[in-house]
Structures are given as structure tokens and as C-alpha cells.
Amino acid sequence: MPELPEVESLVRLLRPHLVNQIIAAYEMPKPLHGGYQIADLMGQRITGLERCAKLIFLRTPGAAAVLHLMLNGQLIYISADGRTRLAGGHPGPDMIAELPCSTTRLIIRFASGSRLYLNDSRNFAHMELIPADSIPDLRKRKRYGPDPLSPDFTADYLQIALSRRSRTTIKEALLDQTVAPGIGNICADESLFLAGIHPARSSADLDDVEIGRLVKGIADTLEAGIRRGGSANEARGSVKETRRAQQQVFKVYARKGLSCLRCGTPIERIVIGGRGTHYCPKCQRRTAPN
DNA sequence: TGCCCCCTGCAG
DNA sequence: CTGCAGGGGGCA
């Protein structure tokens with residue numbers, strides 16, 4: 001579930017606490033795809049924590065655990081004295097629960113006495129262990145485009161990437177990690193709203209002005225999300241509470257039927273590429289400008 | 001490119 | 001009961 005802002009926030013939050021910790025033991029109370037591989041990291045010192053698209057790299061001198069939280073994954077760090085508790089990922093009741101809880105799939109214990117919990121109610125999250133020097137190969141295999149937070153994610157780049165996706169909608173193109181790695185369903189909807197572009201528009205039909213606005217919309221959406229420490233990350237209660245918080249924070253996502261903050265028109269929800277898609281029918285027109 | 005699947009929980 | 005959930009891979 002977490003998108004770029006959540007994963008980035010989580011990595012920044014945990015990095016200073018995890019780096020230099022020695023991995024001492026682990027438990028898997030429930031299955032985690034690839035989780036057993038963590039056995040190979042026993043005794044290893046963590047040298048880095050990085051984000052790549054929506055992936056998290058937990059690095060040791062020789063290897064990297066590559067973790068994807070998918071839709072429902074969470075990471076929670078608890079210090080040895082139990083007084084520091086840092087959480088990120090999917091907002092939900094299990095994020096604030098006593099740990100381990102019913103969704104806990106992996107516990108990593110460090111020599112210091114602190115520990116890291118991975119919760120995932122749906123068993124979609126997965127982990128793989130790769131040699132440290134094969135990270136470039138992984139990036140190549142995934143064919144990720146330039147990170148949207150990097151200076152390489154320019155209008156010129158996006159123009160070319162979108163022109164390659166001529167037969168798809170702009171919404172689907174944004175969800176394509178080879179085009180915009182890290183962008184997810186919320187960021188896509190929010191960015192398109194800021195840019196005033198209808199999500200069902202053909203990706204190759206956008207003109208230069210629209211692509212410029214889209215690049216700006218993506219940057220603004222990501223920046224706002226990271227500044228917040230992860231979109232709507234403050235909502236960790238019931239589905240209903242989370243939804244309410246999302247409606248406070250987002251412009252269109254989760255706001256079906258509510259008034260557009262710019263023009264007052266009710267926000268609509270359609271399905272594109274199998275994903276719920278939210279937009280303002282007045283501010284985001286279906287047809288090209290000319 | 002579109003569909004289906006992976007899995008669980010919650011709300012209408 | 002059905003639909004829905006901030007993801008992604010495999011399939012024809």
C-alpha cells in the first residue's frame with residue numbers, strides 16, 4: 001500500500017536507528033514470502049537503509065534484503081528500552097497494537113535488544129535476499145525509470161516515456177513503475193488533479209504544457225506527502241477513521257461525492273486499469289485542450 | 001493490453 | 001452477501 005512518500009518517510013525515520021545494528025535473531029510467527037532468507041543475515045551489521053521505487057533495501061556488507069510492503073505492510077521499530085516506537089507503512093489498527101500481533105509475520109531482533117516487526121494482514125508483502133553488488137542488476141531487471149524525487153524526472157523525460165505508452169491512459173502510465181517508479185494510486189490521482197488532467201486521457205495526447213503541469217503536480221504531491229511523514233499516516237485506527245483523515249488531506253482521493261475544493265463540483269470515482277480513480281469532472285477535462 | 005490471481009478484513 | 005482496499009505478476 002505504501003507509496004513513495006510512505007516508503008521514503010519510513011526509510012528516513014528508521015535509518016538512524018537501524019544502521020549499525022547487529023541482526024541477532026528472527027522469528028516468523030506467520031508466513032512471509034521470502035522471509036526465511038533472513039536467516040542468512042544473522043550476525044550481520046546493517047550498513048544502510050534505502051528506498052528504490054517502493055522497495056526498501058536493508059543493506060549489510062555482503063547482501064541486501066529487498067522488502068516490498070505491497071498493500072498492507074507495516075514496519076515498526078521498538079528500542080531496547082521500549083520507549084522509542086517508530087512505525088510506518090499501511091495505516092491500520094495493527095500499527096498501534098501490542099506487538100507481536102495477529103498480523104505480525106517477521107520479527108528481527110538486534111544484539112542491542114531493539115527489534116523490528118513486519119506486519120501484513122494479507123500476506124502480499126515479500127522479501128528477497130540478494131548479493132550487495134547485484135543491486136544494479138535488480139534495478140535493471142525492474143526497468144525503473146528515474147526516481148520522481150530526482151532531478152532526472154523532468155518534463156522532457158516524461159514526454160518521451162509517455163509517448164512510448166501511446167495506447168494507455170495517463171492514469172495507467174503513471175502507475176507503471178518503469179515510467180514513474182514509486183507513484184501509486186493516491187499520488188496518481190492527486191497529481192492529475194493538480195495538473196488539471198483527466199485520468200482517462202490518452203497518455204500520448206498530453207501537450208507540453210500539460211506535461212509540465214503534471215511534473216509539477218507529481219513533485220508537489222510527493223513533497224506534501226513526505227512533509228506529512230507519509231500520506232494520512234496519522235490515521236491508524238479503523239477503516240472509517242482512516243478514510244476521514246484521507247478526506248482531510250487529499251484533494252480527490254477517497255473524496256467521491258464530496259465537493260471539489262477548487263470548483264465545488266462533486267468528485268467522481270471511476271475504475272481505470274482495475275484501480276479506483278478519483279477526479280473532478282470539471283477541473284479535469286476528458287478532451288485535449290485544443 | 002486486459003483479465004485474473006495472490007490474500008484478508010471491513011463496511012454497506 | 002458483494003464490493004472494496006495506497007501493489008504487482010502472470011497469463012493469453
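Numbers restart at 1 for each chain; the letters A, B, ... are given by sequence-line order, proteins then strands. Please read these numbers as outputs of a predicted model, since none were measured by experiment.
A side-chain N or O of A/Arg45 and one of A/Asn20 form a donor-acceptor pair less than 3.5 Å apart.
Atom CG of A/Leu55 is separated from atom C1' of C/dG8 by 11 Å (rounded to the nearest Å). Whole-Å rounding puts the A/Asn72 CG to C/dG8 C1' distance at 14 Å. Atoms CG (A/Asn119) and P (B/dG9) sit 13 Å apart, rounded to a whole Å. Rounding to whole angstrom units, CG of residue A/Asp176 and P of C/dG6 are separated by 18 Å. Put simply, CD1 on A/Ile170 is 13 Å from P on B/dT1, counting in whole angstrom units.
Between A/Lys54 and the phosphate of C/dG8, there is a side-chain N or O to OP1/OP2 separation shorter than 4.0 Å. Contact between the side-chain N/O atoms of A/Asn123 and the OP1/OP2 oxygens of B/dC7 is not found at any separation under 4.0 Å. OP1 and OP2 of C/dA5 both lie 4.0 Å or more from every side-chain N or O belonging to A/His90. Regarding contacts with the backbone of C/dG9, a side-chain N or O of A/Lys142 is found under 4.0 angstrom from either OP1 or OP2.
Look at A/Arg109 and A/Glu27 and you find a salt bridge, because one of the NZ, NE, NH1 or NH2 atoms lies within 4.0 Å of a carboxylate O, short of that distance. Here A/Glu3 does not pair with A/Lys54 in a salt bridge; the nearest charged N to carboxylate O distance is not below 4.0 Å.
By the neighbour-count criterion of 12 heavy atoms within 6.0 Å, atom CZ of A/Arg143 is sparsely surrounded, having that number or fewer from other residues, nucleotides or ligands.
Side-chain proximity of A/Gln246 to the nucleotides B/dT1, C/dG6, B/dA11 is greatest for C/dG6. Among the nucleotides B/dC7, C/dC4, B/dT1, the one closest to the side chain of A/Arg269 is C/dC4. With distances taken from any side-chain atom of A/Glu3 to the nucleotides B/dG2, B/dT1, C/dG6, the minimum falls on C/dG6. Taking only side-chain atoms of A/Val239, from C-beta outward, the nucleotide of B/dG12, B/dC10, C/dG6 with the closest atom is B/dC10.
Each of A/Arg105 and A/Lys240 was matched to the nucleotide of DNA chain B holding its nearest heavy atom; the match closer to the 5' end belongs to A/Arg105. When each of A/His126 and A/Arg122 is assigned the nucleotide of DNA chain C bearing its nearest heavy atom, the one mapping closer to the 5' terminus is A/Arg122.
Annotation: cation-pi pair A/Arg255/A/Tyr279 absent, no NZ/CZ under 6.0 Å from the ring centroid and within 45° of its normal.
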